[in-house]
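Take a look at the structure below.
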Amino acid sequence: MAGTIVPAIRAENLSLSFPVFHGGARSLKKTLFAGAKRPLAALRGSGVPTGGVIAADGTARIMVHALQDVSFSVRAGERLGLIGHNGAGKSTLLRALAGIYEPAGGWVAVSGSVSALLDPSAGMNPELTGRENIALRGRQMGLDGAALRRLEEDVETFAELGPFMDLPVRLCSTGMGVRLSFGLATAIAPQILLMDEWFLAGDALFREKARARMTGVIQGADILVVTSHALSTMREWCTRVLWMEHGRVRMDGPAELVLDAYAAGRD
Ligand SMILES: Nc1ncnc2c1ncn2[C@@H]1O[C@H](COP(=O)(O)OP(=O)(O)OP(=O)(O)O)[C@@H](O)[C@H]1O
């Protein structure tokens, strides 16, 4: 159809670093590099199986290189899983795709409507009630009248917040906030869904409901990018997996192939 955006994601040599501004930076330097004979700038990581690469820049400032030269593209119909050790860069990559973080190097281009489930509040105004947040989001999406009421009913039934639906969101617990934001984000079918795995946390009943709802959303979305440490979730949901290690892509390919290699590497 003319004018329809074909959803796609492309990242080219994407790099992203966080400066370490902390009173403990001096002792961090000492701890990490004590006894090292090499200059600071030449050190690449601390050798531990977690985190990005810690290094000093030209001014001897300490930086955590969370992403380094990450390149990949995702086409409509692909469901991409991000795996890797703690601190490998998965969440940072998702946030860069969502436009929350600006790349320090390289670029990322995302076309299509995006819904990001990355933090519990997921773009909700804490001062507004759940119901008001739903209405606001619905109107931003161009809904009104019966369509807006259907959206409200759908999220209300899913979230099961009872009277808390009419209280400011800031009065909800983290888990209640997750129910609401998950319900809202998954009620409106986006072309591209970006999701951090912890969204599937919560009590057992919610996990079950969330999984069932996700199955429908995954089928409706054109592109899914999801992080998870649960390899069974990756096998179930993803067609393709990107294995990240210290901010770099270690392997990118069909889900089964990459997950088998990852599992074998961890044995
Ligand atoms: N806001 C931040 N400020 C400073 N450093 C950060 C920030 N966010 C992430 N990092 C660092 O960037 C690196 C990548 O972190 P990221 O959260 O992307 O990893 P991850 O693969 O999602 O890890 P996990 O599986 O533990 O959630 C880590 O070394 C982390 O310490």
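As the structure lists them, so they are numbered: ligands from 1, and atoms in each ligand from 1. If you read the sequence from its start, that first residue is 1, and numbering goes on from there.
Within the listing of ligand 1, atoms 19 (O), 20 (P), 21 (O) sit less than 4.0 angstrom from a heavy atom of Ala88. Contact atoms of ligand 1 toward His85: 21 (O) (distance under 4.0 Å to a heavy atom of the residue).
Heavy-atom separations between Gly84 and ligand 1 are all 4.0 Å or longer.
Asp144 and Arg149 are not joined by a salt bridge, as no carboxylate oxygen comes within less than 4.0 angstrom of a charged side-chain nitrogen. Arg240 has a carboxylate O that lies under 4.0 Å from a charged side-chain N of Asp252, or vice versa, which qualifies the two as a salt bridge.
In terms of polar-atom proximity, defined here as any N/O pair under 3.5 Å, Leu93 makes no such contact with ligand 1. Ligand 1 has no N or O atom lying under 3.5 Å from any N or O atom of Val64, backbone or side chain. For ligand 1, none of its N or O atoms has an N or O atom of Phe18 under 3.5 Å away.
When all heavy atoms are compared, the tightest approach of Pro7 to Gln191 is CD-NE2, 3.7 Å.
Contact annotation: for Thr92 versus ligand 1, heavy atoms closer than 4.0 Å belong to both the backbone and the side chain. Only side-chain heavy atoms of His229 come within less than 4.0 Å of ligand 1; its backbone N, CA, C and O stay farther off.
Rounding to the nearest 0.5 Å places CD of Glu152 at 10.5 Å from CD of Glu132.
In the hydrophobic clustering of ILVMFWY residues, with side-chain heavy atoms under 4.5 Å counting as a link, Leu148 and Ile134 come out together.
Not less than 6.0 angstrom separates the ring centroid of His246 from the ring centroid of His65.
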